[in-house]
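To find a chain, count down the sequence lines: A is the first, B the second, and so on, and within it residues start at 1.
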Amino acid sequence: MRLNRDFYIRNTILVARDLLGKILVRKEGKKLYKGIIVETEAYINSKDQGAHFSKGLTDRTRIIDEVGGHIYIYNIYGMYQLFNIVTEKKGVHGAVLLRAIEPIEGIEEMYKNRYKMEFNNPPRRKLINMSNGPAKLVMAMNISKNEFYGADLVTDNRIWVEDAPKLSLDQIARSKRINIDYAEIGRDYLLRFYVKDNPYVSK
DNA sequence: CTGATGATGTTCT
DNA sequence: GAACATCATCAGA
């Protein structure tokens, strides 16, 4: 079952936590890719200097004004794109960054997307490296800003999130977010969530 | 295994 | 002109 609007329009931190264990599904023609979401980060209100929208929206971030469930993708470091899910009601700003997934279906195709190489008995190291980071999972699932900026996970037929049993709190760990040391207010917030002991969680 | 470094170009000041 | 929600690669231990 696809997650519906009600899931996404809640408090951003709850959405970030509850996305753990859910299944990100990407359909590309006849190919189907699925991965368990194992790591997320919440970006919250205007006091959170780590959030791109802390000083108001720009052309890059305009979609964050939309109702929860829309996709916010942005370019970073010239060569990468990061995937976020807009949260909260329309007009309330919040987003969740997906930082890692555990591939469970379409693995060989995802491997080709990721490495531009045939899947041929690869070492475990390379399987883990397929999607254990925010830009890596975007490459594995062949998601691009051009095609997916502003798409709606509640209605789109190329991408959505499937429900799965809720994880227990003792399966979930929490920490500071990665690489936002520049944010004097916000860098110490415990807004990164990940599945304990899952090998696909980023290093 | 760890830490350092360079790649690369859009966005914002 | 600087900053950047990252990754691959390489040197050293």
Salt-bridge test for A:Asp163 and A:Arg2: reply yes if a basic N is under 4.0 Å from a carboxylate O, no otherwise.
no
When you check the gap from the basic side-chain N to the acidic O, do A:Asp152 and A:Arg5 get nearer than 4.0 Å?
yes
Expressed as a whole number of angstroms, how long is the span from [X]:[atom1] to [N]:[atom2]?
X        : N      : atom1 : atom2 : result
A:Lys203 : B:dG3  : NZ    : C1'   : 16 Å
A:Tyr80  : B:dA7  : OH    : C1'   : 7 Å
A:Leu98  : C:dT6  : CG    : C1'   : 15 Å
A:Leu82  : C:dC4  : CG    : C1'   : 10 Å
A:Arg192 : C:dT6  : CZ    : C1'   : 14 Å
A:Ile73  : C:dT6  : CD1   : P     : 15 Å
A:Leu57  : B:dT11 : CG    : C1'   : 15 Å
A:Gln49  : C:dC4  : CD    : C1'   : 16 Å

Can you tell me if the side-chain N/O atoms of [X] get under 4.0 Å from OP1 or OP2 in [N]?
X        : N      : value
A:Lys55  : B:dC12 : no
A:Arg187 : C:dA5  : no
A:Arg60  : B:dT10 : no
A:Asn75  : B:dG9  : no
A:Thr58  : B:dC12 : yes

With the side chain of A:Met79 defined as its heavy atoms from C-beta on, choose the nearest nucleotide among C:dC7, C:dC4, B:dA7.
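Given the options C:dC7, C:dC4, B:dA7, the side chain of A:Met79 is closest to B:dA7.
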For DNA chain C, the dot-bracket notation using Watson-Crick and G-U wobble pairs below 3.5 Å, [ ] for pseudoknot-type crossings and | for other-strand pairs, is ||||.|||||||.
Between A:Tyr77 and A:Thr61, who's closer to the 5' end of DNA chain B by nearest nucleotide?
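Whichever sits nearer the 5' end wins; that is A:Tyr77.
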Any side-chain donor-acceptor pair under 3.5 Å between A:Glu28 and A:Tyr33?
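Side-chain D/A pair, A:Glu28 to A:Tyr33: present.
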We want to know whether A:Ser144 and A:Asn146 form a side-chain donor-acceptor pair, criterion being a heavy-atom distance below 3.5 angstrom.
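No, A:Asn146 and A:Ser144 have no side-chain donor paired with an acceptor closer than 3.5 Å.
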What I'd like to find out is whether the side chain of A:Glu66 reaches to under 4.5 Å of the side chain of A:Tyr72, using heavy atoms alone.
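No, every pair of side-chain atoms sits at 4.5 Å or beyond.
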At less than 3.5 Å, do the side-chain atoms of A:Tyr74 and the base atoms of C:dA5 form a donor-acceptor pair?
yes
Show your reasoning for whether side chain to side chain donor-acceptor pair (under 3.5 Å) applies to A:Asn157 and A:Lys27.
CA-CA 7 Å; A:Asn157 58 14; A:Lys27 196 171 170 202; over 6 Å; no
Tell me whether A:Tyr43 is stacked on the nucleobase of C:dA5, counting only the six-membered base ring and applying the 5.5 Å and 30° thresholds.
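A stacking contact exists, since A:Tyr43 sits close and nearly parallel to the base ring of C:dA5.
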Any base atoms under 4.0 Å from [X], or only sugar-phosphate, or nothing? Heavy atoms, all strands.
X        : value
A:Lys145 : sugar-phosphate
A:Asp59  : nothing
A:Leu97  : base

Answer yes or no for A:Arg60 and A:Tyr74: cation-pi contact, defined as NZ/CZ to six-membered ring centre under 6.0 Å and angle to ring axis within 45°.
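Yes, A:Arg60 sits over the ring of A:Tyr74.
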Find out whether the Lys NZ or Arg CZ of A:Arg158 is both under 6.0 angstrom from the six-membered ring centre of A:Phe148 and within 45° of the ring's axis.
yes
